[in-house]
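We name chains A, B, ... by the order of the sequence lines, and we start the count at 1 in each one.
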2 protein chains.
Amino acid sequence: MRPAALIFDVFGTCVDWRTSIAREVETVLPQVNALQFADAWRAEYQPAMERIRSGNRGYVALDDLHRENLAIVAERFSVELKDPSDLAGAWERLVPWPDVVSGLNVLKRKAIIAPCSNGSIALMTRLAKFGGLPWDCILGADIARDYKPKPLVYTNCCAVLRLDPAQVMMVAAHNDDLLAAAGCGLQTAFVPRRREHGPDQRTDLQPTGNWTVVAADFMELAQAI
Amino acid sequence: MRPAALIFDVFGTCVDWRTSIAREVETVLPQVNALQFADAWRAEYQPAMERIRSGNRGYVALDDLHRENLAIVAERFSVELKDPSDLAGAWERLVPWPDVVSGLNVLKRKAIIAPCSNGSIALMTRLAKFGGLPWDCILGADIARDYKPKPLVYTNCCAVLRLDPAQVMMVAAHNDDLLAAAGCGLQTAFVPRRREHGPDQRTDLQPTGNWTVVAADFMELAQAI
């Protein structure tokens, strides 16, 4: 069954967060190793969300978690930031992988396309304007007020679109994201991004589940559905 | 101050609901006066939302209210519908006023543009695909889980975009919508739609408040900001 909607992981799947963040770090903090700083900042991402997923903290938008995590990492690298919110805004200026904009434009003619990201509506909206991502609407953590891979985030996307989970396909470069979506009854598409974490990446090089579709990029995905 | 985001009323302001609904009624129910049926259906809109605004009923998406109201009106017109959800779906197929798509495309280059409608995310998403409305994201009742003109709906749009109300402009063809938005500190733009209710329209022919901008259409609005 062709999905009525495709919902997308964004960081890593649609955009190259690592080199985009590193480029901005390089400008603002020329004294640090920019890729290491980017990796360290991103490494705080899961623990920060886990406190919210586990119920130890109420919902806080990712914009604020990025700011808090930046303060942690800046201290660890012994650097002081004149304008932390300027660098935190780098998450709104991430460059899409080369196939993404053209692929999404084809997919948009076939189905509803929306992010199902842990990024907020504000962040996803500005990121889409920056990169030209032609979303039909913005879904994800900010509407569910919880973070992936909690099932609520996936089921909320379907409910908001008034679709059954089987009518919706989750697209991600991360097997764990697809596993959680499949557990909610969604269709799944794996699009590997083997350089998301740089040349030495060891994770998510291959599909590890029986996903509905495996495609080399978004153009191939558009042909497959 | 140029607004960072413009949020729009949709039914009446962006799209011509009356003739669009009447056209579909004409096809499905050739025995009734289609414009009268459309007006009667729309007349149930405010009372249905008022039960929710007043707290007498929990939040129910407008898609469901449209279906309930259709049943009421069909009974009043003594007609039986073979497929009520097909006609209820007519609210997803409303034709934009002629200046809207081109105006929004210009505005989109200057600011974030989003509906702040009482329509659900599902309804607004499908309506945008039908009419080519190039929204950056979908805001409104479905996120606030309450209906305009309750202040929460306007303030929620600003909060979700992480903007102060003074950075956001509400655009509407209805003075009462702008009055509520201005009360929350938003900028306001009045764009009259003098044929929304047909040739004999008596309401909202002129601005009745001191709105930030008054523009003849969306192209003029785009030039004004």
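Most heavy-atom pairs under 4.5 Å with chain A, from the set B/Ile121, B/Leu133, B/Leu139: that is B/Ile121. Note: A/Ala122 leads A/Ala5, A/Ala122, A/Ala114, A/Ala128 in heavy-atom pairs under 4.5 Å with chain B.
Heavy atoms of B/Ile112 lying under 4.5 Å from chain A belong to its backbone as well as its side chain. The part of B/Ala111 that comes within reach of chain A is its backbone (N, CA, C, O), which places non-hydrogen atoms under 4.5 angstrom from that chain. With a threshold of 4.5 angstrom between heavy atoms, A/Leu123 does not approach chain B through any atom at all.
Annotation for B/Ile138 and A/Cys137: closest pair CG1-CB, 3.4 Å, computed over non-hydrogen atoms.
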Give the atom names and distances for all donor-acceptor pairs closer than 3.5 Å across chain A and chain B.
unit_1, atom_1, unit_2, atom_2, d
A/Asp64, OD1, B/Arg162, NH2, 2.7
A/Asp64, OD2, B/Arg162, NH1, 3.3
A/Lys108, O, B/Lys129, NZ, 2.8
A/Ala111, O, B/Lys129, NZ, 3.0
A/Arg126, NH1, B/Leu161, O, 3.1
A/Arg126, NH2, B/Leu161, O, 2.8
A/Lys129, NZ, B/Lys108, O, 2.8
A/Lys129, NZ, B/Ala111, O, 2.9
A/Lys129, NZ, B/Asp136, OD1, 3.2
A/Lys129, NZ, B/Asp136, OD2, 2.5
A/Asp136, OD1, B/Lys129, NZ, 3.2
A/Asp136, OD2, B/Lys129, NZ, 2.5
A/Leu161, O, B/Arg126, NH1, 3.2
A/Leu161, O, B/Arg126, NH2, 2.8
A/Arg162, NH1, B/Asp64, OD2, 3.3
A/Arg162, NH2, B/Asp64, OD1, 2.7

